[in-house]
Amino acid sequence: MSGIVVIGAGQAGASLAAKARLLGFSGPITLIGEEPVEPYQRPPLSKGYLLGEVNLERLSLRASSFWKEHDINLVLGQSATAIDRATRSVHAGGKIFHYEHLAIATGSTANRLPVAMGGSLRGVYTIRNVADVDAMAAEFIPGRRLLIVGGGYIGLEAAAVGAKLGLQVILVEIAPRILQRVAASETSDFFRALHSVNGVLIKEGTGLDRLLGEDRVSGALLSDGTELPVDFVIVGIGVTPRTRLAEEAGLAIDNGIWTDREGRTSDPSIWAAGECASFPYEGHHIRLESVGHAIDHGELVAKNIVGLSQVYEARPWFWSDQYDVKLQIAGLNFHYDRVVERAGDQPSRSIWYYRGERLLAVDAINDARAYMIGKRILESRQTISPQYVVDGSIDVKSLLAHAVKLAEAA
């Protein structure tokens, strides 16, 4: 049988399969996932699931009955090993699945430390799937020493969990400041102070030379010569898009699996969605690593498979939960040249990113109203002068009245 075959049962793949059926696609739909569990949310893994506040059932994207009721064939616990474009087929789990439309939604894999740096020692973990978190759960015993390598959102979220559970937490970041790749110094400063108050020691501008231990990690040697005793390590040094199947099938690769504005790859019968795929954005091919993008991109591909011919207009949004602080981000701060800060009720605040007079993004810290207003301005292709943003006498809702279309502002 042909129809739609989706490789990857994460947020993008599951959204694609469900949307295609809900839009009336009547042919077979097969969703192939390498994990043995039904499609689930990944963001809570480093937050509520790691804390033990959210169980696996609550992570599920859909009730188990949904897939059966909508005649979507879940092939779980199986890895796709090859794509044969000549016969329009996928090899997975010793079986062959023929397709009319193939969608690749393989996501990303967490970067690991090299073996030479101790990356293969027991007690060294990454956070990417349920099995990763289940494997490290028993390590979180009050008083134990946790080393976090990497000061991005995953590392900071893991550090917050460790601190809340009573561990001694040290985080090292080789860049001059945490969140340097993704946020302004104002946002970094807030979260550095937040973690410090909660007992996390952050060492910026400090790399990891290597982990120490024979079979299991027992310590770490840092780039500044400091030697630390540690009980376990969590590595949060970014991800790499999973493009091997696409590369071996001869598909174009450009910062991920190349797709056009409709989500097609260089083969018109093959599509790609989510973190593994790059797409056109302001003259570049970019990738996004977020739930919102995975859902939107997956559903866009489903719409185009059924013939709606829609183009992708990214509306990026992200979030991070650390302690009792919620960071909400709207937009992309690529190539910003100015930031302004808007104070809210303590400890809330928002950071607004600009390139020239154009608003690019907003970081809202415990400030849902600023987030929603900034998001509305960005999604309507508007901007707002920084002078209005920083004016505390203007209620945040009233900022909309001062927003102007980009064309008018140019």
Let me check something: any side-chain donor-acceptor pairs from residues 197-204 under 3.5 Å, sequence neighbours excluded? List them with distances.
residue, atom, partner, partner atom, Å
N198, ND2, L194, O, 2.8
E204, OE1, R192, NE, 2.8
E204, OE2, I178, N, 2.8
E204, OE2, R192, NE, 3.2
E204, OE2, R192, NH2, 3.0

**Message:** For the backbone of D254 and the side chain of H285, can you confirm whether one donor and one acceptor N or O come within less than 3.5 Å of each other?
**Reply:**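 The answer is no, because no donor-acceptor pair under 3.5 Å joins these two groups.
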**Message:** Any heavy-atom pair between the side chains of W352 and P386 that's under 4.5 Å?
**Reply:**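 They are not in contact (no side-chain heavy atoms under 4.5 Å apart), so the answer is no.
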**Item:** Pairs touching residues 156-176 that satisfy salt bridge (Lys or Arg N to Asp or Glu O under 4.0 Å), sequence neighbours left out
**Value:**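 Passing the test, one end in residues 156-176: K47-E157.
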**Message:** Applying salt bridge (Lys or Arg N to Asp or Glu O under 4.0 Å) as the test, list every pair that has at least one member in residues 3-27; sequence neighbours left out.
**Reply:**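 Non-adjacent pairs meeting salt bridge (Lys or Arg N to Asp or Glu O under 4.0 Å): zero.
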**Prompt:** Take atom CZ in R376; do more than 12 heavy atoms of anything else shown fall under 6.0 Å from it?
**Reply:**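 No, not enclosed.
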**Item:** Under the salt bridge (Lys or Arg N to Asp or Glu O under 4.0 Å) test, residues paired with R358 that sit two or more places apart
**Value:**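 R358 satisfies salt bridge (Lys or Arg N to Asp or Glu O under 4.0 Å) with E282 only.
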**Request:** Can you sort out the partners of R88 under salt bridge (Lys or Arg N to Asp or Glu O under 4.0 Å), two or more places apart, ordered by chain and number?
**Result:**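 By the salt bridge (Lys or Arg N to Asp or Glu O under 4.0 Å) rule, R88 matches no residue at all.
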Only counting residues at least two apart or in another chain, list the ones meeting ring-ring contact (aromatic ring centres under 6.0 Å, His included) with [X].
X    : answer
H284 : none
W317 : W319
F140 : F232

**Any pair counted as side chain to side chain donor-acceptor pair (under 3.5 Å), so long as it reaches residues 76-85, sequence neighbours left out** =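 Passing the test, one end in residues 76-85: E34-S79, D84-T87, R85-D267.
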Determine all donor-acceptor pairs shorter than 3.5 Å in which one atom belongs to a side chain in residues 333-342; sequence neighbours excluded.
residue, atom, partner, partner atom, Å
N333, ND2, V182, O, 2.9
D337, OD1, G356, N, 3.1
D337, OD2, G356, N, 3.2
R342, NH1, V389, O, 2.7
R342, NH1, D391, O, 3.3
R342, NH2, I394, O, 2.4

**Asked** Any side-chain donor-acceptor pair under 3.5 Å between Y353 and D363?
**Response**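 Their side chains do contain a donor-acceptor pair, which is all the 3.5 Å distance test asks for.
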**Prompt:** Under the side-chain hydrogen bond (donor to acceptor under 3.5 Å, both in side chains) test, which residues partner S278, sequence neighbours left out?
**Reply:**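 Applying side-chain hydrogen bond (donor to acceptor under 3.5 Å, both in side chains) to S278 gives none.
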**Message:** Taking side-chain hydrogen bond (donor to acceptor under 3.5 Å, both in side chains) as the definition, give me every residue that meets it alongside E299, ordered by chain and number, with sequence neighbours left out.
**Reply:**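 If we apply the side-chain hydrogen bond (donor to acceptor under 3.5 Å, both in side chains) test to E299, skipping adjacent residues, there are no hits.
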**Asked** For the residue pair H297 and F279, does the interplanar ring angle fall in the parallel (under 30°), tilted (30 to 60°) or perpendicular (over 60°) class?
**Response**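 Answer is tilted, since the angle falls between 30° and 60°.
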